[in-house]
Engineer: 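Handing you a structure now.
Throughout, protein chains are lettered first and strands after them, A, B, ... in sequence-line order, and every chain is numbered starting at 1.
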Amino acid sequence: MNKLKKIFATDSYIVPLVAIILGFLVGAAVMLIGGYDPIAAYGALFKRVFGSAYDFGEAIREMTPLMLTGLSVAFAFRSGMFNIGADGQVLIGMTAASVIGIKLAGLPTFLLVPLAVIGAGLFGGMWAGIAGYLKAKRGINEVITTIMLNWVALYLANYIVRTFLLIPGQNRSEDIPASMWLTFLNSIFDNARLHWGTVIALAAAVFFYIYLWKTKQGFEMRAVGLNSHAAEYAGMNVSRNVMKSMFIAGVFAGLAGAGEVLGVFHYQSVFAGSPGYGFDGIAVALLGLTHPFGVILAAILYGMLTYGSAGMSFNADVPPELIRIVIGSIIFFIAAQGIVRWVLKPFYFKRKKEKVL
Amino acid sequence: MDWLTLGQMLNTTLVFSTALIFAALGGIFSERSGVVNIGLEGLMMFGAFAAAVGGYYAQDAGYETMAPWIGVLCAMAVGVIGALIHAVASITFKADQTISGTVINFLAAGSTLYLVKLLFEGAGETPLIDGFSKYPIPVLSKIPVIGPGLFNNYPTTYLAIILVIVVYFLLFKTPFGLRLRAVGEHPSAADTLGVNVNRMRYVGVMLSGMFAGIGGATITLTTTGTFAHNTISGQGFIAIAAMIFGKWNPLGAFGAAVFFGFSQAIRNYVQLFGWSQSIPQEFIYMIPYVLTIIVLVSAVGRSSAPSALGQPYDPSKR
């Protein structure tokens, strides 16, 4: 029995690892069919990420919002909710941070920065909370409300930027005061747009872990996620947990928005369409098996691949879209673990035989 | 607002609804069989791409008049192949259906653009092709207002409306429909009665790929004429919303799709009527989405998904 348990324990990292390798192999096969050199392409990808301090810093910049939106989707998932709305929650967070940064620019920095960050988180949380409330009190499918709220957020954010924050004649807001920029270690990284948001994201992951697995409230939330009827029967307040979990998920996404405004762009544009943060977050959450530390690792992988893919097209002439096939295949193999187990089966057989002898 | 523009508005509404109707019908097939299909967006992308490429090569080979229909056929085929990936992962390998649907979205976004660049020497979009042209139905199209609105449309729009009724009958009035629904509501009961659960689900998912593929094709063949990265931007998700809004019923989904089509059409008329002076355009854009939420809150209430939706079928657990 113990040996069996050991095999399953190793599974938890062997399967994702093999899935990643298989994903890269699928990408390589697609490149070979298209007449490209996969070794040159992957070489260019990694060289782009690790080649210079600046690029490495920018890759970390790319990972940061992915960590937070990934955590957002994963957190909602844990309580049985599918949050397609992280995109809208990021936009609302961005807008809150921009409005606070530009309209309250006179305040001292030690007040202004926390106000913008907390405001972004709070508004992101309240935006997701609408979907949570409607699910809890009215039983309305959160998939549909979060999709709708994404669009409403897009237009609301554009309206606020266009009407209150715009530089005349341009499609973007004024800059927030330079004292607010959440720059972080960027002299080491050759002025890459690194920011404190990365630290906030890591802290959020730790909070996620402690809250869900070490507190009573987190236990209730997981119970609701696993079986809401059983949780209700056990005397837990299902609707309160649903609302709370959506709120926290929205806070994570809102913080991602704050990071993008304060740390990266220092202004907000009028968006022509969905910026896509939330949809990447779904992929990251699934890649990370909806575990907070898995999500962080997944965001690192995802961020590296997307940032590095630009180098792939530059140096090896491979269309960067290929990387989406790689990411998609990795998620596919992680989801369909049966395939990975089938690939690994010969190796398992060997091990079992050794143990019998 | 005069009657002529009202007719045009009706017409534009239908043009924008067509793709959503197809994709939502596709979603119904999949979800009624118990398989969540969050991959409609990707399947539409496959269809839009295949229609643009198939249409282009058909035109190139000299089949101008047939080209759009060849495009539709290509879209159906590629949609089915894309859906097959979802089916294999979620039915045979019992993967989480949400995850494998997301995979479809990723693979579609990646592979279509990769292939476009490969086929057309690094271009970001396919060459412009002649899609469908509007086909006025004799006599009926002469009726004032309604005629130019309803009966002077693309052939795909007529097809969509006919298919709504066909799918409705197929689902609720035929043994096939009964089996498909049974597999989504209570797979073990269906299994006991001799229905092959997994085979039915494969059929449901592949039909969803076919329909979503046609949905994507209508966008390239009627509105854009090319396939680029932003040809399908969220329509698949709106189709999911239309399906849920319509309570997994073809007629309901049709109504919801027309509603969203109207919302897209109304943008074209905001400037025309001078509304943009009195109301900020963003608020007009918001109306359909806000209205959807309000309608759901006030009237429709608890939506009832097929009860086995999202659960892989494991015969040993019954």
Engineer: Contact part of A:T163 toward chain B, heavy-atom cut-off under 4.5 Å: side chain, backbone, both or neither?
Structural biologist: neither
Engineer: Sort A:L134 into side chain, backbone, both or neither according to what part of it lies under 4.5 angstrom from a heavy atom of chain B.
Structural biologist: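 Only the side chain of A:L134 comes within 4.5 Å of chain B.
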Engineer: Please flag which part of A:L154 lies under 4.5 Å from any non-hydrogen atom of chain B: side chain, backbone, both or neither.
Structural biologist: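 Neither part, no heavy atoms under 4.5 Å.
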Engineer: Do you know the tightest heavy-atom contact between A:L156 and B:M286?
Structural biologist: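 That would be N-CE, 3.4 Å.
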Engineer: Considering non-hydrogen atoms only, spot the tightest contact between A:A335 and B:A95 and give its length.
Structural biologist: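 Nearest heavy atoms, A:A335 then B:A95: O-CB, 3.4 Å.
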Engineer: Drop me the distance from B:D96's CG to A:I331's CD1, to the nearest 0.5 angstrom.
Structural biologist: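 Spacing of CG (B:D96) from CD1 (A:I331) equals 12.0 Å.
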Engineer: Looking at chain A, which one of B:T92, B:L118, B:L115 has the largest number of heavy-atom pairs inside 4.5 Å, strictly under?
Structural biologist: B:L118
Engineer: Should the pair A:F279 and B:F237 be assigned to parallel (<30°), tilted (30 to 60°) or perpendicular (>60°) ring geometry?
Structural biologist: tilted
Engineer: Heavy atoms only: give me the nearest A:G328-B:F106 pair and the separation to one decimal.
Structural biologist: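 Shortest heavy-atom contact: CA-CB, 3.9 Å.
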Engineer: Is any side-chain heavy atom of B:I38 closer than 4.5 Å to a side-chain heavy atom of A:I84?
Structural biologist: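 Of all side-chain heavy-atom pairs linking A:I84 with B:I38, at least one is under 4.5 Å.
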Engineer: Name the region of B:I240, side chain, backbone, both or neither, that has any atom closer than 4.5 Å to a heavy atom of chain A.
Structural biologist: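 Contact with chain A involves the side chain of B:I240 alone.
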Engineer: Any chance you could measure B:I99, atom CD1, to A:L287, atom CG, to the nearest 0.5 Å?
Structural biologist: 9.0 Å
Engineer: With only heavy atoms counted, which part of B:T102 is less than 4.5 Å from chain A, the side chain, the backbone, both or neither?
Structural biologist: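 B:T102 touches chain A through side-chain heavy atoms alone.
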Engineer: Quick one: what part of A:V326 sits under 4.5 Å from any heavy atom of chain B, side chain, backbone, both or neither?
Structural biologist: neither
Engineer: Go through the atoms of A:I325 and report whether side chain, backbone, both or neither lie under 4.5 Å from a heavy atom of chain B.
Structural biologist: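 Both parts, heavy atoms under 4.5 Å.
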Engineer: Hey, which of B:Y289, B:F93, B:F283 has the most heavy atom pairs under 4.5 Å with chain A?
Structural biologist: B:Y289
Engineer: Any chance CZ of A:F123 has more than 12 other-residue heavy atoms, nucleotides or ligands included, within less than 6.0 Å?
Structural biologist: no
Engineer: For the residue pair B:V103 and A:F332, what are the closest heavy atoms and their distance?
Structural biologist: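 Scanning both residues completely, I find the closest heavy atoms to be CG2-N, 3.5 Å.
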Engineer: Are there over 12 heavy-atom neighbours, none belonging to A:F82, within less than 6.0 Å of that residue's CZ?
Structural biologist: yes
Engineer: If you take all heavy atoms of B:F260 and A:M148, which pair is closest and at what distance?
Structural biologist: CZ-CE, 3.6 Å
Engineer: Please look at A:V152 and chain B and tell me whether the side chain, the backbone, both or neither of the residue comes under 4.5 angstrom of a heavy atom of that chain.
Structural biologist: both
Engineer: Looking at B:M243, B:K94, B:E282, B:H229, which makes the most heavy-atom pairs under 4.5 Å with chain A?
Structural biologist: B:E282
Engineer: If we only count heavy atoms from C-beta on, is the A:W151 to B:I238 side-chain gap below 4.5 Å?
Structural biologist: yes
Engineer: Restricting to non-hydrogen atoms, name the atom on B:K117 and the atom on A:P319 that form the minimum distance, rounded to 0.1 Å.
Structural biologist: CD-CB, 3.7 Å
Engineer: What's the spacing between B:I244 CD1 and A:I144 CD1 if we round to 0.5 Å?
Structural biologist: 5.5 Å
Engineer: Less than 4.5 Å apart, side chain to side chain, heavy atoms only: is that true for A:L149 and B:I293?
Structural biologist: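 Answer yes - side chains close enough.
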Engineer: Nearest 0.5 Å please: distance from the CD atom of A:E321 over to the OG atom of B:S111.
Structural biologist: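 Taking CD in A:E321 and OG in B:S111, the distance rounds to 10.5 Å.
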